[in-house]
Amino acid sequence: MSEEKFDAIIVGGGVAGSTAAYVLAKEGLNVLIIERGNYSGSKNVTGGRLYTHSLEKIIPGFAEEAPVERKVAKERISMMTNDSAMTVEYASSCLGKQGHDSYVVLRGKFDRWLFGKAEEAGAMAASGIRVDELIVRDGRISGIRCGDDEMEADVVILADGVNSLLAENTGLKKRIIPSQVSIGVKETYALSSQVIEERFGLTGNEGLSWLFAGAPTDGIAGGGFLYTNMDSISIGIVVGLGHIGENNKTVTEMINAFESHPLVAPLIRDGKLVEYSGHVVPEAGLSMVPQLSGNGYLICGDAAGLCINVGYMVRGMDLAITSGALAAKTVIDAKNTGDYSETKLKYYDQLLADSYVMKDLKTYKGIPDFMENPRIFNDYPKMITDIMGEMFVVDGNPSKPMHKIVKNNLKSVGFMNLIKDALKGAVSL
């Protein structure tokens, strides 16, 4: 057993864990952060957008030194069938305004930088080490065990990802079920900055976030995504784990079909594939958030299920960073009083409840259930593209009045279904 006792041990070197370690070390606490991968970010392939408001409060001006890619200046959403697509774009200076801005990031680079910032601040950092189990003594978490080595701490912060076996095996959270998570598969294609800017109508360090629904997952729950990096494109799909097999296609077949789509294929043309990877994503929102604190422990980031997917926007990194910072604030408060009891560490729950994290999760708590509606990924993309086709295709036959085009296509979904889905969607948002 190590003779040194830490104020806090953090398991997981992603953005939540590294933020917690940075804040604690800056306050002079004795903190150890452990990452299972060979380096922070080596196992995280999120393909990836960071809303700056979270980290800006902790490291002002971080984007000037961090390895961020492009600042998002355009948002696109496409509804797709196998051979058609209808795309909506939003471009505004508001997207780049201080406090409103967001960057595309490559987590392999970004996480490594943030992990390094924690180490620079004074945290003891260790990579390539697997934590086998949590040490439980007298009903409280008192440290970690790595092989034959034991290390003790007043508090253990779990930031080890959505599939936190440490929390599950110790009974701190329930085992994840397929309906609560999705499988994300991402490919990265190298392209020159000039080609990316010309192809997507960007200038300088402007970037694009593009989400797709319908054909990318062949009509089942999920969608496609594309993000522009400085000299590469991150593209992929996210598919509900509980729905895989419903369309008789493998995930590989779905992403191949997506990248072969007439809308998508020209976007990655001549790109060199430099990365192919997969990742589990928490998707159930508020309903999968476990007990976040207890005797000697706190849970943050993906391990706590802190992710929001509202269809037109996916957020996880900003929630993870804020939860890591609030976990650190809780440990600092506990150290000042010398009290690490469950009652004291409940302060973390209160901080989260008072922040945008839990407020936003509560606002969108109905979204996961709403997104289980198969019409969103099948009937509606077809309806919308069919309407567009009748509007814009001229073939010499008499044109139909617009109200008839719309009415006839609405019938394909069913007026009652439209009303029910619209009401449920409005309530969930």
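The first residue of the sequence shown is numbered 1, and numbering continues consecutively from there.
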Exercise for the section: Spell out, as yes or no, whether a donor-acceptor pair under 3.5 Å connects the side chain of N417 to the backbone of V413. Expected result: yes
Could you tell me whether the side chain of S78 and the main chain of M80 form a donor-acceptor pair under 3.5 Å?
no
TODO: Dump the intermediate steps for side-chain contact (heavy atoms from CB on, under 4.5 Å) on M313 and Y364, then the final yes or no.
DONE: CA-CA 12 Å; M313 177 186 295; Y364 299 118; over 6 Å; no
**Study point:** Short side-chain to backbone donor-acceptor contact, Y348 and I299, under 3.5 Å
**Key:** yes
Should we say atom CZ of R130 is surrounded by more than 12 heavy atoms from elsewhere, each under 6.0 Å from it? no
Distance only, no hydrogens: is a donor on one side chain within 3.5 Å (strictly under) of an acceptor on the other, for E275 and S277?
yes
Tested for side-chain contact (heavy atoms from CB on, under 4.5 Å) against S323, the lone hit among L306, L298, L351 is L306
Heavy-atom closest pair (A325 atom, I58 atom, distance to 0.1 Å) is CB-CD1, 3.6 Å
CG of D421 to CD1 of I376, rounded to nearest 0.5 Å, is 6.5 Å
- Just wondering, more than 12 heavy atoms not from E64 lying within 6.0 Å of its CD? no
Output field: ring centroids Y356/H53 closer than 6.0 Å:
yes
>> Between N409 (side chain only) and I405 (backbone N and O only), is there a donor and an acceptor less than 3.5 Å apart?
In response: yes
Smallest heavy-atom separation, L361 atom then C307 atom, equals CD2-O, 3.7 Å
Quiz prompt | N169 vs E133 side-chain heavy atoms within contact, under 4.5 Å | solution = no
>> Can you confirm whether F115 sits close enough to D111 that some side-chain heavy atom of one is under 4.5 Å from a side-chain heavy atom of the other?
In response: no
Quiz item: Around atom NZ of K365, are there more than 12 heavy atoms of other residues, nucleotides or ligands at under 6.0 Å?
Solution: no
Between the OG1 atom in T203 and the CD atom in E197, the distance rounded to the nearest 0.5 Å is 7.0 Å
Q: Step through the shown structure and confirm whether more than 12 heavy atoms of other residues, nucleotides or ligands are within 6.0 Å of NZ on K382.
A: no
| For L29, does its backbone N or O pair with a side-chain atom of E27 as donor and acceptor, under 3.5 Å? | no
- prompt: Judged by atom type as modelled, is there a donor-acceptor pair below 3.5 Å linking the side chain of T228 to the main-chain atoms of L208?
  reply: yes
Do other residues, nucleotides or ligands put more than 12 heavy atoms under 6.0 Å from the CG atom of D360?
yes
Practice task
Just do the side-chain contact (heavy atoms from CB on, under 4.5 Å) check on E283 and M371 with the steps written out, would you?
Solution key: CA-CA 10 Å; E283 288 279 305; M371 298 294 277; over 6 Å; no
Exercise. Look at the side chain of E69 and the backbone N and O of M230, then say whether any donor-acceptor pair between them is shorter than 3.5 Å.
Key: yes
Between R70 and G207 the two heavy atoms that sit nearest each other are CB-CA, 3.5 Å
### Message
Does atom NZ (K74) have a neighbourhood of more than 12 heavy atoms from anything else shown, all under 6.0 Å?
### Response
yes
Give a yes or no answer on whether the side chain of D7 reaches the backbone of N30 with a donor-acceptor pair at less than 3.5 Å. yes
Discussion item. Within the structure provided, determine whether L345 and T330 are in side-chain contact (heavy-atom separation under 4.5 Å).
Written reply: yes
query = Are any non-hydrogen side-chain atoms of I367 and N309 less than 4.5 angstrom apart?
reply = no
Just say parallel, tilted or perpendicular for the rings of F212 and W210, cut-offs at 30° and 60°. parallel
### Donor-acceptor pair, side chain of T385 and main chain of P381, under 3.5 angstrom
yes
d(M86 CE, I384 CD1) to nearest 0.5 Å is 5.0 Å
(request) Begin with the C-alpha distance, continue with both residues' side-chain angles, and end with the deciding distance and a verdict on side-chain contact (heavy atoms from CB on, under 4.5 Å) for S18 and K117. (result) CA-CA 8 Å; S18 291; K117 293 295 289 185; over 6 Å; no
Apply side chain to side chain donor-acceptor pair (under 3.5 Å) to the pair S412 and D379, showing each step before the final yes or no.
CA-CA 8 Å; S412 67; D379 295 344; over 6 Å; no
(Q) In the structure I gave you, are the side-chain heavy atoms of T322 and K57 within less than 4.5 Å of one another anywhere? (A) no
OG1 of T52 to CD1 of I59, rounded to nearest 0.5 Å, is 12.5 Å
Report yes if the side chains of I235 and F258 come closer than 4.5 Å at any heavy-atom pair, otherwise no.
yes
Is it the case that the side chain of N247 and the backbone of T217 share a donor-acceptor pair, with hydrogens and angles ignored and the cut-off at 3.5 Å?
yes
Taking every heavy atom of F62 against every heavy atom of V68, the minimum-distance pair comes out as CE1-CG1, 4.3 Å
In terms of heavy-atom contacts, G99 and D101 come closest through N-OD1, 3.4 Å
Value for CG (L202) from NZ (K71), rounded to nearest 0.5 Å, stands at 14.0 Å
Looking only at heavy atoms, the pair that brings A327 and I157 closest together is CB-CD1, 4.2 Å
Step by step, work out the side-chain contact (heavy atoms from CB on, under 4.5 Å) result for V23 and I332.
CA-CA 9 Å; V23 173; I332 293 167; 4.3 Å; yes
Test side chain to side chain donor-acceptor pair (under 3.5 Å), reference Q291, set K346, E342, K173, output is E342
So P67 and L106, do their side chains get closer than 4.5 Å, heavy atoms only? no
**OP:** Would you kindly say whether S209 and R49 are connected by a side-chain donor-acceptor distance under 3.5 Å?
**Re:** yes
One should read off an interatomic distance between E75 CD and E89 CD, to the nearest 0.5 angstrom, of 9.5 Å
Check: Tell me, do Y276 and T252 make a side-chain contact under 4.5 Å, heavy atoms counted?
Finding: yes
